[in-house]
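First, the structure itself, so that you have it in front of you.
Fair warning: this is a prediction, and the values are worked out from it, not measured in the lab.
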Amino acid sequence: MEGAATRTVITSTSSSTDNFSTSTLACDRHFFRTASGLLVFAEIVFGLLVWMLIAGTEYFRVSAFGWVMFVAILYWVLTVIFLIIYLTMAYNRIPQVPWTTVGLFFNSSATVMYVVAAAVDAASISHAVKGRHNYNCWVASTFFAFLVTLCYAGSTYLSFKFWRLEG
């Protein structure tokens with residue numbers, strides 16, 4: 001093999017995901033056995049009932065129910081997203097995000113917004129005739145709106161405890 005020369009080639013690659021963990025997503029099977037998990041489950045169920053009970057009526061005749069629907073659907077969707085993040089433990093893949101602070105802000109904002117929405121829901125019941133479909137659904141949605149408010153208040157308390165432990 002006379003005249004054969006060897007050449008060494010060095011290559012390097014760059015990735016924009018250098019700051020993120022490359023572990024696979026896990027599933028937290030014990031999440032629903034925790035107080036936080038039970039509260040998130042209750043928030044999803046009761047929040048779904050709030051907006052479904054209103055959506056099944058002629059809520060567009062009372063403009064205040066538009067606000068209740070906005071709050072209920074917004075926080076329901078965001079809570080489902082947080083549930084997916086918790087169950088898949090995706091928060092471990094993005095350690096740069098202060099998850100306890102995000103959880104505290106989210107739960108406290110949900111509590112405040114749901115207090116207002118539940119009060120608006122309760123005040124708007126008078127626009128329906130007692131015993132009719134709209135009235136019964138709006139009363140039930142008010143009950144569940146206050147239950148969701150209590151659930152988010154409980155989540156806020158737990159988030160605050162976790163936040164204090166972290167800081």
Side-chain angles (χ1 to χ4, degrees), residues 27-94 96-167:
C27 181
D28 187 1
R29 294 187 177 122
H30 302 288
F31 178 70
F32 287 119
R33 293 182 185 163
T34 65
S36 295
L38 292 173
L39 285 170
V40 168
F41 179 75
E43 292 160 3
I44 289 172
V45 171
F46 296 148
L48 178 68
L49 286 170
V50 170
W51 66 263
M52 284 183 63
L53 284 165
I54 294 174
T57 66
E58 297 175 350
Y59 70 91
F60 48 85
R61 294 179 187 236
V62 181
S63 61
F65 284 119
W67 168 254
V68 178
M69 288 286 286
F70 169 74
V71 170
I73 292 173
L74 174 69
Y75 281 101
W76 185 81
V77 169
L78 292 175
T79 303
V80 169
I81 291 170
F82 272 107
L83 175 64
I84 292 167
I85 289 171
Y86 293 144
L87 285 178
T88 61
M89 298 172 66
Y91 52 86
N92 288 332
R93 293 181 57 105
I94 312 171
Q96 296 84 359
V97 175
W99 289 106
T100 53
T101 305
V102 170
L104 177 61
F105 176 76
F106 172 74
N107 288 318
S108 59
S109 69
T111 302
V112 170
M113 297 292 273
Y114 252 109
V115 164
V116 174
V120 167
D121 200 356
S124 300
I125 292 173
S126 63
H127 293 285
V129 177
K130 191 172 185 177
R132 295 229 175 136
H133 174 72
N134 285 355
Y135 179 83
N136 294 335
C137 288
W138 292 347
V139 168
S141 73
T142 301
F143 173 75
F144 288 115
F146 281 109
L147 275 180
V148 173
T149 303
L150 291 175
C151 291
Y152 279 115
S155 290
T156 301
Y157 172 74
L158 292 177
S159 295
F160 180 73
K161 280 178 52 176
F162 295 142
W163 180 75
R164 291 279 309 259
L165 287 174
E166 185 180 88

Task: Value rounded to 0.5 Å, distance of SG in Cys151 from CZ in Phe41 - done: 11.0 Å

Open item on the list: Just verifying a value: how many Å separate Leu53 CG and Asp121 CG, rounded to the nearest 0.5 Å?
Closed with: 9.5 Å

Task: Atom CE of Met113 with >12 non-hydrogen neighbours under 6.0 angstrom - done: yes

TODO: For residues 146-157, pull every pair meeting side-chain hydrogen bond (donor to acceptor under 3.5 Å, both in side chains), keeping only residues two or more places apart or in separate chains.
DONE: Glu43-Ser155, Thr79-Tyr152, Thr111-Thr156

Acceptor/donor pairs from residues 30-40 side chains to any protein atom, 3.5 angstrom cut, sequence neighbours excluded:
from, atom 1, to, atom 2, distance (Å)
His30, ND1, Arg33, NH1, 3.0
Thr34, OG1, Phe31, O, 2.7
Thr34, OG1, Gly37, N, 3.0

Task: Contacts of type side-chain hydrogen bond (donor to acceptor under 3.5 Å, both in side chains), residue Tyr75, not counting sequence neighbours - done: Ser109

Open item on the list: Quick test of your reading: applying side-chain hydrogen bond (donor to acceptor under 3.5 Å, both in side chains), list the pairs with at least one residue in residues 158-167, sequence neighbours left out, ordered by first then second residue.
Closed with: Thr100-Glu166, Thr101-Trp163, Asn107-Ser159

TODO: Step by step, work out the side-chain contact (heavy atoms from CB on, under 4.5 Å) result for Phe143 and Leu49.
DONE: CA-CA 10 Å; Phe143 173 75; Leu49 286 170; over 6 Å; no

May I have the list of side-chain donor-acceptor pairs in residues 64-72 shorter than 3.5 Å, sequence neighbours left out?
none

- [ ] Name all pairs fulfilling the side-chain hydrogen bond (donor to acceptor under 3.5 Å, both in side chains) condition that reach into residues 126-139, sequence neighbours left out, sorted by first residue then second.
- [x] Thr57-Trp138

TODO: First locate atom CG of Leu83, then atom CG of Leu78, and finally report the distance between them rounded to the nearest 0.5 Å.
DONE: 12.5 Å

TODO: Return the set of residues passing salt bridge (charged side-chain N to carboxylate O under 4.0 Å, His left out) with Glu58 (not counting sequence neighbours), or none when no residue passes.
DONE: Arg61

Task: Set of residues satisfying side chain to side chain contact (heavy atoms under 4.5 Å, CB included) with respect to Phe146, sequence neighbours excluded - done: Ala118, Ala122, Thr142

Task: salt bridge (Lys or Arg N to Asp or Glu O under 4.0 Å) contacts touching residues 143-160 (sequence neighbours left out) - done: none

- [ ] Any chance you could measure Met52, atom CE, to Ser141, atom OG, to the nearest 0.5 Å?
- [x] 12.5 Å

Task: With sequence neighbours excluded, residues passing side chain to side chain contact (heavy atoms under 4.5 Å, CB included) with Val112 - done: none

Open item on the list: Looking at Tyr91, I want to see if its OH is surrounded by more than 12 non-hydrogen atoms of other residues, nucleotides or ligands under 6.0 Å.
Closed with: yes

Open item on the list: Going by the rule side chain to side chain contact (heavy atoms under 4.5 Å, CB included), which residues pair with Leu165 if we only count those two or more places apart in sequence or in a different chain?
Closed with: none

Open item on the list: Tell me every residue that passes ring pair (Phe, Tyr, Trp, His ring centres under 6.0 Å) with Trp76, counting only those two or more places apart in sequence or in another chain.
Closed with: Trp51

